[in-house]
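The structure appears below as structure tokens.
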Amino acid sequence: MAAWWRRRAGRGSASGRSRAAELDELVRAAYEEGRPIPEELAAEAAVAGDVRAMTVYGIGLGNRGAVKEAEEWLRRARAAGDPMAALALGTLFMDRGEFDAAERYFRPVAETGHVGARQALVELRALRAAAARHAPPPSRPAERTERTERKERAEPAGSPNPSTVSRPPGDRPSTSAPPADSPVEWAARQLLLHPDDNGHPHVLMAMAVLQAHEGEVARARAYFAAALASGDPEVLFWVSRIHVAQDGLHGAREHIRRAADAGHTASRHTMGVLLTEEGDTAGAERYYRLAAADGHTDSYVNLGVLLRQRGDLDGAETYYRKAVEAGDAGGMNNLGNLLRQRGDLTGAERWWREAAAAGDTDALVSCGAVLAERGDWAGAEPLWRRAAEAGHAGARLNLVQALVRTGRMEEAERWLRSVDLDAAATAAAASASTAPPSAPAAGPPDSGPPDGPDLAAVADWLSGPARAGDADARAALDLLNGASDRR
């Protein structure tokens, strides 16, 4: 309950309104918006018979510990038909553990469709279930919305290129229950959702999680076995997550497949990703389509990428636009790429700008490419720099090209060296992950000064437009040649 009282700053009304009108406005603002009101004014309006003021005054009394007096005013307001007073009374009783009394106040309001009262009943049932199971009351976990995205490399050709985004598996919300911050919080959520059904698969899994958390291994195994036997998609998903943590994504493949085949949306997307990496595009498409039918945004994007690679531009556009409708920046960027391929540069630029405004680094690269193709390298540079500073490899290479054009060779060398180091680190990680246990892991790249930047590679990027008659590219090549001669 909100604390609406504050100390009075003084009497009088600058607007010249009557005292009654001023008091009515203060009560209204306190009741509807939670604004503070002096205690003596709340009491004055309550004594005068204002039902809203009775509720405000009662809540304020409860917040400062005058519970008996608070109940008296809240009962009067509730008797006059005020739903907020009923909710406040129910909350007082629920906080004291008097669940039956709390329900008598919550239920009539909930039956009118009041969202807050319906949620209060859900929480009340969960508290009862938790008390019956001798477990701590579940807390309401904060939903997590962050998503990891994998960006494909933007090719640093003579004319800078846009880039396409595809999505890896991640902790995206499933259709049955959003992910919690931890398995224990997920378990608490299930007790809130199914407080009166001890045989529900999600409750069985939740109890397994809670028992394991409390060290009751035998009980946890029994609950776990019962939950697994149900074949429920959400349970199979949690089993797959356990195996992912133990064996890695590919090691848990069959468990992910079981969850996907049982209908779990995020697992369907993950299977699509795994099959794409294995080269089974037909299988990947099947799982992406299933997840997309459930409204999974990342599957919209990945299915669009798969269809575009196959040459089905109409199909790709359909799914990119679905992602755009869901507000997805990667979908906006990819739609821009597709429109550019179709020759609609105006439409492409519009969606790249939308995606860039949403923070998509691929779109920053693409917007820079449009400007560079128009000859506006000065406008392209800050866009590529933003993406490069965020770690985008293609942006770094395009930025090198822009810097070389204006003779800033030292800065170009630093950016080029950062790309080389990133590539070496990636290769070292791949080598370490595939090496047998007895083989030593590849070490980090040499941190000493290199022999020099790969000026030949930069020159190769510029040679195409230079041969085509680009005077800036020709001048940049001359600078490079001069730098090579000096070395």
With [X], which residues qualify under side chain to side chain contact (heavy atoms under 4.5 Å, CB included), at least two apart?
{"X": "A227", "result": "L204, M205, V235"}
{"X": "E354", "result": "M332, W351"}
{"X": "A412", "result": "V400, L403, V404"}
{"X": "A348", "result": "L339, R340, W352"}

Could you pull out all residues at least two apart from [X] that satisfy salt bridge (charged side-chain N to carboxylate O under 4.0 Å, His left out)?
{"X": "D280", "result": "none"}
{"X": "R386", "result": "none"}
{"X": "E278", "result": "R253"}
{"X": "R310", "result": "E285"}

Would you call [X] and [Y] a salt bridge, taking side-chain N to carboxylate O under 4.0 Å as the test?
{"X": "E325", "Y": "K322", "result": "no"}
{"X": "E381", "Y": "R408", "result": "yes"}
{"X": "D261", "Y": "R257", "result": "yes"}

task = Mark yes or no for whether R268, through its side chain, and A260, through its backbone, hold a donor-acceptor pair below 3.5 Å.
result =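 Such a contact is found between R268 side chain and A260 backbone.
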Using every non-hydrogen atom in the two residues, find where [X] and [Y] come nearest and quote the distance to one decimal.
{"X": "L87", "Y": "F106", "value": "O-CE2, 3.5 Å"}
{"X": "T361", "Y": "A387", "value": "O-CB, 3.8 Å"}
{"X": "S230", "Y": "P201", "value": "OG-CB, 3.4 Å"}
{"X": "A363", "Y": "A356", "value": "CB-N, 3.4 Å"}
{"X": "S240", "Y": "A252", "value": "O-CB, 4.0 Å"}
{"X": "A291", "Y": "S299", "value": "CB-OG, 3.1 Å"}

With a 4.5 Å heavy-atom cut-off, do [X] and [Y] have their side chains touching?
{"X": "V370", "Y": "R374", "answer": "yes"}
{"X": "D314", "Y": "L307", "answer": "no"}
{"X": "E277", "Y": "H250", "answer": "yes"}
{"X": "N334", "Y": "V305", "answer": "yes"}
{"X": "W377", "Y": "T406", "answer": "no"}
{"X": "I37", "Y": "V27", "answer": "yes"}
{"X": "D232", "Y": "F237", "answer": "no"}

What distance do [X] atom [atom1] and [Y] atom [atom2] have between them, rounded to the nearest 0.5 Å?
{"X": "Y319", "Y": "L306", "atom1": "OH", "atom2": "CG", "value": "11.0 Å"}
{"X": "D312", "Y": "T318", "atom1": "CG", "atom2": "OG1", "value": "8.0 Å"}
{"X": "L338", "Y": "N333", "atom1": "CG", "atom2": "CG", "value": "11.5 Å"}
{"X": "L416", "Y": "E411", "atom1": "CG", "atom2": "CD", "value": "12.5 Å"}
{"X": "Y300", "Y": "D328", "atom1": "OH", "atom2": "CG", "value": "11.0 Å"}
{"X": "L364", "Y": "N398", "atom1": "CG", "atom2": "CG", "value": "12.0 Å"}

Can you sort out the partners of [X] under side-chain hydrogen bond (donor to acceptor under 3.5 Å, both in side chains), two or more places apart, ordered by chain and number?
{"X": "E389", "result": "none"}
{"X": "R321", "result": "E317"}
{"X": "H255", "result": "H243"}
{"X": "R353", "result": "E349"}

ask   = What do the steps show when you test R28 against E25 for side-chain contact (heavy atoms from CB on, under 4.5 Å), and what is the final call?
value = CA-CA 5 Å; R28 184 206 63 77; E25 175 59 21; 2.8 Å; yes
task = Pick out which of T265, I256, V244, D298 makes a side chain to side chain contact (heavy atoms under 4.5 Å, CB included) with T270.
result =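 Single pass found, and it is I256.
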message = Do R396 and W415 form a cation-pi contact, if we require the NZ or CZ to be under 6.0 Å from the six-membered ring centre and within 45 degrees of the ring's axis?
response =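 Ring-cation test returns no.
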task = Any chance you could lay out the side-chain contact (heavy atoms from CB on, under 4.5 Å) test for L397 and Q401, step after step, and finish with the verdict?
result = CA-CA 6 Å; L397 294 171; Q401 187 173 347; over 6 Å; no
key: Between H269 and Y287, ring centroids under 6.0 Å   =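 They do not qualify: ring centres at least 6.0 Å apart.
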query = Are there more than 12 heavy atoms of other residues, nucleotides or ligands under 6.0 Å from atom CD of E410?
reply =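 Count not over threshold, so no.
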